[in-house]
Amino acid sequence: MKYLIVYSSRTGNTRQLAEAIREMLPEEDCLYYGQPGDEAVEKAEHAGLVFAGFWTDRGSCDAGMADFLQKCGPKYFFLFGTAGFGGSDEYYGQILGNVRKNLSGAARLLGSFVCQGQMPDAVRQRYQAMEPSENRDRMLDNFDRAVGHPDAVDIARLKEAVRGLNWTE
């Protein structure tokens with residue numbers, strides 16, 4: 001089955017996930033690999049499966065990915081992404097629920113994966129500049145836990161999720 005891997009990655013975290021997916025699938029069946037945009041939408045018309053990767057922006061995907069998903073129509077999808085705040089499957093589920101709202105009603109979600117992603121140092125500096133509080137301490141702890149993610153365990157879990165897909169033309 002023909003597929004495409006479309007991803008948006010502000011810090012490189014989601015790009016790492018996209019590369020891991022690309023490495024495990026037949027190259028000759030890949031119609032497109034890259035950023036969302038007009039070319040990706042055109043190629044999606046001929047694909048059976050769309051791997052759509054996003055970085056988390058205010059609890060959902062970024063605007064470019066949302067626009068791409070809204071234009072794709074009735075396709076099979078595998079959503080994957082990274083979030084600076086992590087550690088909670090419930091939180092990841094909320095993010096995926098918000099991202100799914102961008103899919104057409106006829107779209108079929110075959111699978112999904114979200115993991116924590118490392119944040120830029122400027123974020124830590126912003127947290128450190130905040131008034132000391134329990135919330136500030138939690139945010140700093142989360143920032144420190146995110147360093148190095150996605151890691152080898154995250155990539156292995158992603159690959160397991162992709163291998164578990166049941167898709168045919």
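Just so it is clear, the structure is predicted and the values come from calculations on it, not from any experiment.
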### Task
Indicate the ring-plane relationship of Phe85 and Tyr127, choosing parallel, tilted or perpendicular according to the 30° and 60° boundaries.
tilted
### Query
Side-chain contact, heavy-atom cut-off 4.5 Å: Met119 with Thr11?
no
### Query
Are the side chain of Tyr7 and the backbone N or O of Glu19 linked by a donor-acceptor pair below 3.5 Å?
no
### Query
Are Val123 and Met130 connected in the hydrophobic side-chain network, where two residues link if heavy atoms are under 4.5 Å apart?
yes
### Query
Would you call Asp141 and Arg145 a salt bridge, using N to O less than 4.0 angstrom?
no
### Query
For the residue pair Ala83 and Thr56, what are the closest heavy atoms and their distance?
CB-OG1, 3.5 Å
### Message
Give me the atom names and distance for the closest heavy-atom approach of Ala106 to Pro74.
### Response
CB-CB, 3.5 Å
### Crowding at CZ, Arg58 (>12 non-hydrogen neighbours, <6.0 Å)
no
### Message
Quick check: is Val41 connected to Leu79 through a chain of hydrophobic side chains (ILVMFWY, heavy atoms under 4.5 Å apart)?
### Response
yes
### Task
Report yes if some heavy atom in the side chain of Tyr76 is under 4.5 Å from a heavy atom in the side chain of Val50; otherwise report no.
no
### Task
Go through Leu110 and Phe77 one step at a time and tell me if the side chain to side chain contact (heavy atoms under 4.5 Å, CB included) criterion holds.
CA-CA 6 Å; Leu110 295 183; Phe77 286 89; over 6 Å; no
### Tyr33 six-ring face occupied by Arg22 cation (under 6.0 Å, within 45°)
yes
### Task
Answer yes or no: does atom CD of Glu28 have more than 12 heavy-atom neighbours from other residues, nucleotides or ligands under 6.0 Å?
yes
### Query
Do Asn13 and Trp55 come close enough that some side-chain heavy atom pair is under 4.5 Å?
no
### Message
Could you check whether atom CZ of Arg108 has more than 12 heavy atoms from other residues, nucleotides or ligands sitting under 6.0 Å from it?
### Response
no
#### Entry: Reference residue Cys115; test side chain to side chain contact (heavy atoms under 4.5 Å, CB included); the match among Asp151, Ile155, Thr82, Leu158
Thr82
### Query
Would a 4.5 Å heavy-atom cut-off, applied to side chains only, mark Cys61 and Asn102 as touching?
yes
### Task
Kindly give the heavy-atom pair with the smallest separation between Gly64 and Pro36, and that separation in Å.
O-CB, 3.8 Å
### Query
Thr14 side chain to Ser9 main-chain N or O, any donor-acceptor pair under 3.5 Å?
no
### Task
Rounded to the nearest 0.5 Å, what's the gap from CE on Met1 to CG on Asp29? Could you check?
10.0 Å
### Query
Counting only N and O atoms by type, is there a donor-acceptor contact under 3.5 Å from the side chain of Lys2 to the main-chain atoms of Leu49?
no
### Task
Taking the side chain as every heavy atom from C-beta outward, state whether Val162 and Phe80 have any pair of such atoms under 4.5 Å apart.
no
### Query
Any chance NZ of Lys43 has more than 12 other-residue heavy atoms, nucleotides or ligands included, within less than 6.0 Å?
no
### Query
In terms of hydrophobic clusters joined by side-chain contacts under 4.5 Å, are Val114 and Tyr91 together?
yes
### Message
To check you understand the geometry: which heavy-atom pair defines the closest contact between Leu96 and Ser112, and what is its length?
### Response
CD1-OG, 3.4 Å
### Query
CZ/Arg126 to CZ/Arg136 distance, rounded to the nearest 0.5 angstrom?
13.5 Å
### Summary
CZ (Phe143) and CD (Gln118) are apart, to the nearest 0.5 Å, by 6.5 Å
### Message
Within a 6.0 Å radius of atom CZ on Arg124, are there more than 12 heavy atoms belonging to other residues, nucleotides or ligands?
### Response
yes
## Note on the structure
When every non-hydrogen atom of Gly84 is compared with those of Ala146, the smallest separation belongs to O-CB, 4.0 Å
### Query
Taking atom types as modelled, is there a side-chain donor on Asn135 or Ser133 under 3.5 Å from an acceptor on the other?
no
#### Entry: Crowding at CG, Asp38 (>12 non-hydrogen neighbours, <6.0 Å)
no
### Message
If I compare all heavy atoms of Ala52 with all of Leu69, which pair ends up nearest, and what's the gap?
### Response
CB-CD2, 3.7 Å
### Message
Working to the nearest 0.5 angstrom, can you tell me the gap between Phe113 CZ and Tyr92 OH?
### Response
8.0 Å
### Message
Suppose we call two aromatic rings close when their centres sit under 6.0 Å apart. Are Phe51 and Phe78 close by that rule?
### Response
yes
### Message
Any heavy-atom pair between the side chains of Glu134 and Arg138 that's under 4.5 Å?
### Response
yes
### Message
One pair to check against side chain to side chain contact (heavy atoms under 4.5 Å, CB included): Arg100 and Leu109. What are the steps and the verdict?
### Response
CA-CA 8 Å; Arg100 278 196 302 266; Leu109 184 63; 3.3 Å; yes
### Message
In the structure I gave you, are the side-chain heavy atoms of Asn142 and Gln116 within less than 4.5 Å of one another anywhere?
### Response
yes
#### Entry: Donor-acceptor under 3.5 Å (Lys75 side chain, Glu45 main chain)
yes
### Message
How long is the straight-line distance from SG of Cys72 back to CG of Leu4, given to the nearest 0.5 Å?
### Response
7.0 Å
### Task
Side-chain contact test, heavy atoms from C-beta onward, threshold under 4.5 Å: evaluate it for Phe54 versus Asp62 and give yes or no.
yes
### Query
Ignoring hydrogens and geometry, is there a side-chain-to-backbone donor-acceptor pair from Lys159 to Ile21 under 3.5 Å?
no
